[in-house]
Number of protein chains: 2
Amino acid sequence: MRTREYGQFCGLARAAEILGQRWAVLILRDLLVGPRRYSDLAAGLPGIPSNVLAARLKELEQDGLVVRQARGGADRSIVYRVTDRAEELRPALDALASWGAAGMRVPREGEVVTEASLVTALRVAAAGGRPPGARRTVTCVVRAGDAVAHAIVSGTRVTAGPGEHPAPDLTISAGSGPGLRDLLAGTLGPEAAVAEGVIEVTGDRSLLADFAATFHVPYSASLTGSAA
Amino acid sequence: MRTREYGQFCGLARAAEILGQRWAVLILRDLLVGPRRYSDLAAGLPGIPSNVLAARLKELEQDGLVVRQARGGADRSIVYRVTDRAEELRPALDALASWGAAGMRVPREGEVVTEASLVTALRVAAAGGRPPGARRTVTCVVRAGDAVAHAIVSGTRVTAGPGEHPAPDLTISAGSGPGLRDLLAGTLGPEAAVAEGVIEVTGDRSLLADFAATFHVPYSASLTGSAA
DNA sequence: CGGGATCCCCCGAGATACTG
DNA sequence: CAGTATCTCGGGGGATCCCG
């Protein structure tokens with residue numbers, strides 16, 4: 001069999017043939033946040049070799065998950081965009097992200113938080129928290145490490161996006177450490193997190209408790225000390 | 001960064017570091033059906049190099065997803081078993097399997113159906129079909145290629161397991177082709193499937209329509225001809 | 001015979017440089 | 001900006017061997 005194939009007529013094997021390629025899921029994660037140029041992807045995936053990025057994009061295009069299209073107008077750059085078929089993958093990737101996050105307590109040496117990972121984390125966390133029932137729309141900006149993302153809580157809907165929001169009601173700034181992760185897990189209460197200085201809050205502080213209730217990613221119940 | 005790591009403090013990246021390893025998800029798929037010996041795994045994963053299987057099992061054990069334990073008594077062989085942490089992965093793998101199956105119409109040259117893949121397919125298909133409401137327990141044996149699996153429909157619950165069932169109410173035999181896949185997708189009706197000879201049915205034939213309604217894995221709506 | 005370990009080959013990932 | 005070209009090297013693929 002060709003080395004990336006498994007020789008089994010099995011949905012999971014077919015998925016693994018595509019997503020098991022190195023960097024493939026992270027490329028899709030980034031593109032599921034929104035269309036990106038080649039250099040945007042390279043910047044959002046620190047450490048990816050350029051030839052690997054080029055090869056993966058070509059493969060994902062052949063697999064029908066990504067399309068490349070020239071942007072019209074004066075800007076002649078090329079953007080990569082996910083297809084509907086890749087959109088169908090979002091629930092599965094979110095489930096994977098949720099599982100992985102449940103086994104993740106502390107960043108390893110040198111690990112960073114990227115913009116796309118933060119957006120994905122917020123989206124997954126919104127699915128794991130108590131459904132909001134805000135009377136008015138609340139916007140929130142979250143910073144972790146160098147990454148910035150925002151969330152918009154409107155009624156019962158939560159959307160997460162990259163970058164700043166022009167007029168956030170609440171801004172949460174966490175360092176590169178596990179502060180935000182502990183907050184989302186609920187092992188560190190909102191007040192304690194602020195008191196210990198692991199997160200910094202500006203804006204309407206009274207919204208912080210709501211935030212911690214709306215966004216939730218628990219730690220795995222079956223975690224021993226070894227599986228950091 | 002070590003070559004299997006991604007250097008990102010991100011749940012999806014952590015998951016990809018484990019599941020992106022070659023053969024890892026198929027090993028877990030097989031073990032999620034039930035405990036297996038080394039040689040059982042090797043037999044159920046045609047083409048896996050022995051060194052890779054040994055290395056993966058060691059890694060999965062270190063990652064806390066697999067435990068190896070000696071079977072007591074006269075049988076001194078070793079069985080591999082999934083941990084609770086790996087059980088938590090089941091929904092995500094099922095979502096991946098469902099997505100992969102949606103893009104899978106026809107077996108490629110030389111592709112086989114294994115027992116574990118058939119069991120997994122039935123479990124995923126049960127989640128995608130109409131919830132059953134059988135008054136009595138119905139058991140069904142399904143054969144595809146060389147693989148045999150069975151399903152037990154009891155009230156609103158469906159369980160899938162490997163191998164035969166002592167007294168099935170219904171037995172469906174499909175060849176190595178896409179016959180069973182088309183039946184599950186609904187593109188081939190039960191009567192047509194029998195009439196065209198792509199599946200063979202023994203037992204209570206009147207249960208076949210119920211089977212096709214209870215087990216369902218649709219084709220992706222966004223599929224073009226290229227993405228077989 | 002089950003459960004691996006070892007060896008060799010080679011593909012593909014990683015890193016960097018370079019070009020249309 | 002958006003990739004190719006080139007090189008090195010670790011890890012996978014395949015076969016064989018070994019040990020209890």
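Chain identifiers are assigned alphabetically (A, B, ...) following the order of the sequence lines, protein sequences preceding nucleic acid strands; residue numbering begins at 1 within each chain.
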Atom [atom1] of [X] and atom [atom2] of [N]: how far apart are they, to the nearest Å?
| X | N | atom1 | atom2 | answer |
| --- | --- | --- | --- | --- |
| A/Ile27 | D/dA2 | CD1 | P | 15 Å |
| A/Glu59 | C/dC11 | CD | P | 16 Å |
| A/Gln21 | C/dA13 | CD | P | 6 Å |
| B/Asp40 | C/dG4 | CG | P | 12 Å |
| A/Leu45 | C/dG14 | CG | C1' | 15 Å |
| B/Arg36 | C/dG4 | CZ | P | 16 Å |
| A/Ile48 | C/dG12 | CD1 | P | 17 Å |
| A/Leu53 | C/dT16 | CG | P | 16 Å |

Side-chain N or O of [X] closer than 4.0 Å to phosphate OP1/OP2 of [N]:
| X | N | answer |
| --- | --- | --- |
| A/Lys58 | D/dT4 | yes |
| A/Ser39 | D/dA2 | yes |
| A/Tyr80 | D/dC1 | no |
| A/Arg4 | C/dC11 | no |
| B/Arg56 | D/dG12 | yes |
| B/Arg68 | C/dG3 | no |

Distance-only donor-acceptor test (3.5 Å): side chain A/Ser50, base D/dT4 = yes
note = Only one of B/Val198, B/Thr187, B/Val106, B/Ile199 passes side chain to side chain contact (heavy atoms under 4.5 Å, CB included) with B/Asp182, and that residue is B/Thr187
request  = Working to the nearest 0.5 Å, report the span between CD of A/Gln21 and CZ of B/Arg22.
outcome  = 7.5 Å
Just compare [options] and give me whichever is closest to any side-chain atom of [X].
| X | options | answer |
| --- | --- | --- |
| A/Arg22 | D/dG3, C/dG14, C/dG4 | C/dG14 |
| B/Arg37 | D/dG13, D/dG3, C/dG3 | C/dG3 |
| B/Ala54 | C/dG3, C/dA13, C/dA5 | C/dA5 |

request  = Please determine if B/Arg4 and B/Asp63 form a salt bridge, counting it only when a charged side-chain N lies under 4.0 Å from a carboxylate O.
outcome  = yes
Pair B/Lys58 + B/Glu61: basic N to acidic O under 4.0 Å = no
query = How about A/Ser77 and A/Tyr38: does a side-chain donor come under 3.5 Å of a side-chain acceptor?
reply = no
ask   = When the nearest nucleotide of DNA chain C is assigned to B/Tyr38 and to B/Asn51 on a heavy-atom basis, which residue is associated with the more 5' position?
value = B/Tyr38
